[in-house]
Amino acid sequence: MKWSRAVHHLEALAETCTDMLTRSSDIYRIQVRQLWTFGEMVGPATDVEWVPVALAIDLPAEEVPWLGEPVGTQHWANATRLNKNPFTPRWRSLRAPIWNHDIDRPVLFWDAENGIAEEAIAALRDGDGERVREAGPTEAQRRERVAAELAICLASVRACTATYTDKRWAPGKLTPLSDAMWLANVGYLDLLDAAGATEESSATEISNS
């Protein structure tokens, strides 16, 4: 995908989010309040395969585990065709840091109060996302963030496993429950690897000091 097309997808998603704010909350219980991009999209202009985007929703951090899909997000994604476009979506809580071990120094390009951040979009379009990126965390902050998210994911794994076990022999489809359990495990294992990496980094710093 050409760089200009990738940035166009971000702009179109921002416009869609603005429109979704006018929809009834009785129909769409989830409302996206901020859009951030990261990864390749905050670097130099180049062809990309996927457009990474973090969608911040106003739920407690405990209800938005890493790589999870909170209740209502798939309904929102289907209504906006998020899943039909070349996005790599990451649902995030508005009440916790957007960044983590994978979302490194993201760029905010839309929010519900101010709309599209024109400066950010212009920088992304020019392949100069570096000038509008957030400041990076310290290693201590990174370790704390990974530990906090790891605890949330572990709680999610336990909750999803308990729900699946309880409903396994009950009438009805198990696919939504098994998918939720799978996502909870994938997120937990990803953070477990990240925790190991941060520990190795910390040990290296100590040995070199």
Side-chain angles (χ1 to χ4, degrees), residues 13 30 32-43 48-74 76-77 82-83 86-109 129 133-167 174-208:
L13 181 60
I30 291 295
V32 174
R33 306 297 300 179
Q34 292 178 345
L35 290 174
W36 302 70
T37 193
F38 55 99
E40 287 184 300
M41 290 305 300
V42 298
V48 296
E49 186 173 358
W50 298 95
V51 180
V53 61
L55 304 98
I57 53 181
D58 193 14
L59 288 178
E62 293 75 18
E63 296 182 24
V64 194
W66 176 236
L67 302 185
E69 296 176 349
V71 175
T73 55
Q74 281 306 297
W76 191 95
L82 178 72
N83 294 335
F87 290 111
T88 302
R90 296 288 181 257
W91 297 99
R92 305 294 286 163
S93 170
L94 193 65
R95 309 180 197 180
I98 301 300
W99 64 268
N100 66 2
H101 66 290
D102 187 61
I103 303 176
D104 180 38
R105 298 178 59 210
V107 170
L108 176 69
F109 66 93
R133 294 178 74 182
E134 287 202 322
T138 65
E139 283 304 312
Q141 290 172 327
R142 192 183 300 275
R143 287 193 296 271
E144 290 175 2
R145 182 92 290 270
V146 168
E149 291 210 70
L150 190 60
I152 289 172
C153 277
L154 179 56
S156 178
V157 168
R158 288 172 170 160
C160 289
T161 301
T163 300
Y164 181 86
T165 301
D166 184 53
K167 301 291 186 181
L174 281 176
T175 302
L177 302 180
S178 60
D179 283 354
M181 185 167 62
W182 173 71
L183 287 172
N185 278 276
V186 170
Y188 176 73
L189 292 174
D190 187 54
L191 281 161
L192 198 62
D193 289 342
T198 57
E199 288 178 3
E200 290 180 8
S201 176
S202 178
T204 300
E205 287 182 3
I206 293 174
S207 64
N208 290 337

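Numbering starts at 1 and runs along the sequence shown.
Not one N or O on the side chain of S156 forms a donor-acceptor pair closer than 3.5 Å with the backbone of I152. With E63 contributing its side chain and P60 its backbone, the two residues share no donor-acceptor pair below 3.5 Å.
From W76, atom CH2 reaches atom CD1 of I30 across 10.5 Å, with rounding to the nearest 0.5 Å. From Q34, atom CD reaches atom CG of L94 across 5.0 Å, with rounding to the nearest 0.5 Å. Taking CZ of R90 as the start and CG of D102 as the end, the distance is 6.5 Å to the nearest 0.5 Å. Note that CD1 of I98 is 9.5 Å distant from CG of L55, once rounded to the nearest 0.5 Å. Remark: L67 CG to E149 CD distance equals 9.0 Å, nearest 0.5 Å. Atoms OG1 and CD, on T88 and E49 in that order, are 8.5 Å from each other to the nearest 0.5 Å.
Residues E134 and W36 are in side-chain contact: their nearest non-hydrogen atoms beyond the backbone lie under 4.5 Å apart. Residues D104 and R133 form a side-chain contact, since some pair of their non-hydrogen atoms from C-beta on lies under 4.5 Å apart. R145 is not listed as a side-chain neighbour of P137, based on a closest heavy-atom distance of 4.5 Å or more. In this structure, L191 and L154 have side chains that are not in contact, with every pair of non-hydrogen atoms separated by 4.5 Å or more.
Side-chain polar atoms of W66 and N100 form no donor-acceptor pair below 3.5 angstrom. Side-chain contact check for H101 and D193: no donor-acceptor pair (N or O, by modelled atom type) lies under 3.5 Å.
Of all non-hydrogen atoms in M41 and P52, the two that sit nearest each other are CG-CD, 3.6 Å. Contact detail for W99 and R92: the closest heavy-atom pair is O-NH2, 3.5 Å. The heavy-atom pair separating A77 from N83 by the smallest distance is CB-ND2, 3.5 Å. Residues W91 and L82 come closest through the heavy atom pair CZ2-CD2, 4.0 Å.
Screening residues 179-188 for side-chain hydrogen bond (donor to acceptor under 3.5 Å, both in side chains) gives no qualifying pairs among residues at least two apart or on separate chains. Counting only residues at least two apart or on different chains, the side-chain hydrogen bond (donor to acceptor under 3.5 Å, both in side chains) pairs with a member in residues 50-59 are D58-R95.
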Query - Test side chain to side chain contact (heavy atoms under 4.5 Å, CB included) applied to L183 and E69, step by step - result: CA-CA 8 Å; L183 287 172; E69 296 176 349; 3.7 Å; yes

